[in-house]
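To start, the structure itself, in structure tokens.
For clarity, every value in this text was computed on a predicted model and none was experimentally measured. Worth knowing before you read on, the calculation uses all heavy atoms, side chains too, and leaves out hydrogens, waters and symmetry mates.
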Amino acid sequence: MSKQIPPPTPEINRLRAAAALIPIIESGLLASKLSIERASIMASFCEWTVERPSDDPNVVKLAETVGSGLKRIKMVLSSAG
């Protein structure tokens with residue numbers, strides 16, 4: 001059975017972008033190819049995407065994915081600062 005993809009909405013599109021940005025930030029920090037300042041700006045976009053909770057289960061799942069990635073990034077940023 002194929003998985004249903006939720007219709008694109010601005011909220012879902014922002015969360016999808018943030019979810020895709022998390023591994024880019026993590027790998028950039030790990031390889032020292034991304035400055036702390038730049039990573040912080042990128043992480044703030046991700047934070048902005050999860051600010052407003054939703055009732056849609058697809059949105060909630062994406063927000064949880066972004067939130068867990070943000071926690072990992074914040075740990076790295078706090079140890080680097």
If I compare all heavy atoms of [X] with all of [Y], which pair ends up nearest, and what's the gap?
{"X": "Ala63", "Y": "Val50", "result": "O-CG1, 3.7 Å"}
{"X": "Cys46", "Y": "Ile22", "result": "SG-CD1, 3.9 Å"}
{"X": "Leu70", "Y": "Ala43", "result": "CD2-O, 3.5 Å"}
{"X": "Ala39", "Y": "Leu29", "result": "CB-CD2, 3.7 Å"}
{"X": "Ile24", "Y": "Leu34", "result": "O-CD2, 4.4 Å"}
{"X": "Ala19", "Y": "Val66", "result": "N-CG2, 3.6 Å"}

Joint cluster assignment, Trp48 & Val60, ILVMFWY side-chain distance < 4.5 Å:
no
Hey, what do you get for [atom1] ([X]) to [atom2] ([Y]), rounding to the nearest 0.5 Å?
{"X": "Ser54", "Y": "Lys61", "atom1": "OG", "atom2": "NZ", "value": "15.0 Å"}
{"X": "Ile25", "Y": "Arg72", "atom1": "CD1", "atom2": "CZ", "value": "10.5 Å"}
{"X": "Leu21", "Y": "Ile73", "atom1": "CG", "atom2": "CD1", "value": "7.5 Å"}
{"X": "Arg14", "Y": "Phe45", "atom1": "CZ", "atom2": "CZ", "value": "7.5 Å"}
{"X": "Glu11", "Y": "Leu62", "atom1": "CD", "atom2": "CG", "value": "9.5 Å"}

Run Ile12 and Arg16 through side-chain contact (heavy atoms from CB on, under 4.5 Å) and show every step you take.
CA-CA 6 Å; Ile12 288 177; Arg16 286 177 179 158; 3.4 Å; yes
Run the salt-bridge test on Glu47 and Lys74 with the 4.0 Å N-O cut-off and return the result as yes or no.
yes
